[in-house]
Amino acid sequence: MVCQKVVVNEVSGWLRVFDDGSVDRTWTGPPQVEFMTESVPPHDEFIDGVATRDVFVNKNLRLRIYLPETNPQDESKLPIILHLHGGGFCISQADWYMYYHMYTRLARSAKAICVSVYLRLAPEHRLPAPVNDGFSALLWLRSLAQGESYEPWLINHGDFNRVFLIGDSSGGNLVHEVAARAGKADLSPLRLAGGIPIHPGFVRAVRSRSELEQPESPMLTIDMVDKFLSLALPVGSTKDHPITCPMGYGAPDLDSLKLPPFLLCIAERDMIIDTEMEYYEAMKKAKKEVELLISPGMSHSFYLNKIAVDMDPQTAAQTEGLISGIREFVNKH
């Protein structure tokens with residue numbers, strides 16, 4: 001007799017965990033949005049001004065590189081943006097279409113090389129696994145700058161004196177963590193020039209007012225926050241853990257951290273805007289260099305929702321505004 005696996009935890013549409021510890025991440029939500037979770041194959045040829053390739057550094061580190069097309073006569077080196085994807089530490093991959101459509105666009109607009117990390121996922125790999133992955137990617141970039149490793153696109157076109165971290169949602173948490181770890185390391189000749197957390201998943205164990213009052217969105221619900229973090233945080237931890245609450249009592253004092261300039265991007269209608277703003281105020285109090293970019297009328301990770309970007313003029317305009325703000329920050333630093 002074949003034993004039937006039993007679902008012991010589920011995040012609607014996104015993920016099912018079974019009693020034997022296995023995980024199924026097959027999309028089961030509305031079929032019309034499934035395309036955003038589908039993998040986009042890499043292409044060495046330029047399509048709409050951007051070429052992509054996957055690089056396998058070792059068994060735990062795989063990267064997707066986005067190279068914008070440039071004028072062959074222009075020998076200027078391009079800034080490097082190291083991307084840490086979102087997904088509540090539990091879902092999504094660097095090659096998903098939702099990231100492809102955004103980061104090809106950012107690479108083209110900012111004239112920057114984007115390097116996106118395939119992060120290990122919880123519950124198979126709980127925190128701090130993706131922090132380690134992000135920092136390993138940064139150390140790999142350092143090895144390229146030192147001439148100890150080789151990747152032709154980055155060696156020929158990348159400016160290792162202008163390396164930035166960027167992350168969506170839970171990837172924004174990783175931006176803070178990787179930047180803090182980098183502040184304790186010798187990255188030379190690489191220079192970490194800035195960090196860009198976009199709608200970071202900063203929360204507390206006690207719900208904020210915005211969690212209780214702001215509407216849920218397709219990209220973030222209370223159920224997603226609670227269940228993803230229960231699967232991702234170290235066993236026995238609460239949402240007051242330093243990775244999810246870097247401004248909390250359990251985290252290192254912000255004024256003790258060596259951090260590069262930050263551009264904190266938030267959405268006016270984000271369900272977790274209160275704790276994101278709490279982080280901003282704590283960074284300012286600690287005298288860190290942090291700018292704030294607010295997207296009016298928008299909800300969590302709106303710019304990754306390709307349907308809304310294509311169909312809603314306000315979402316399209318705010319996505320362009322977000323990309324422009326990131327481009328200006330990168331150009332400035």
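Just so we're clear, the structure is a prediction, and the values are computed from it rather than from any experiment. All values below were derived from every heavy atom in this structure, side-chain atoms included, with hydrogens, water molecules and symmetry-related copies excluded.
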By side-chain hydrogen bond (donor to acceptor under 3.5 Å, both in side chains) - contacts of [X] (at least two apart):
| X | value |
| --- | --- |
| Ser143 | Ser149 |
| Thr52 | none |
| Lys239 | Asp226 |
| His333 | none |

Results of salt bridge (charged side-chain N to carboxylate O under 4.0 Å, His left out) for Arg108 - residues two or more places apart only: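 If we apply the salt bridge (charged side-chain N to carboxylate O under 4.0 Å, His left out) test to Arg108, skipping adjacent residues, there are no hits.
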Does Lys227 have any salt bridge (charged side-chain N to carboxylate O under 4.0 Å, His left out) partners at least two apart in sequence or in another chain, and if so, which?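 Scan of Lys227 (salt bridge (charged side-chain N to carboxylate O under 4.0 Å, His left out), adjacent residues dropped) gives Asp223.
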Listed once per pair and sorted, the side-chain hydrogen bond (donor to acceptor under 3.5 Å, both in side chains) pairs that draw on residues 301-312, sequence neighbours left out: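 Listed once each, the pairs are Asp168-Tyr303, Lys306-Asp310, Asp312-Thr315.
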Only counting residues at least two apart or in another chain, list the ones meeting ring pair (Phe, Tyr, Trp, His ring centres under 6.0 Å) with [X].
| X | value |
| --- | --- |
| Tyr280 | none |
| Phe18 | none |
| Phe302 | His199 |
| Phe228 | none |

Applying salt bridge (charged side-chain N to carboxylate O under 4.0 Å, His left out), which residue pairs with at least one partner in residues 187-205 are found, sequence neighbours left out?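 Applying salt bridge (charged side-chain N to carboxylate O under 4.0 Å, His left out) to every pair that reaches into residues 187-205, excluding sequence neighbours, yields Arg204-Glu278.
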Does CG in Asp48 sit with more than 12 non-hydrogen atoms of other residues, nucleotides or ligands closer than 6.0 Å?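 No, CG of Asp48 has 12 or fewer neighbouring heavy atoms, counting only those of other groups under 6.0 Å.
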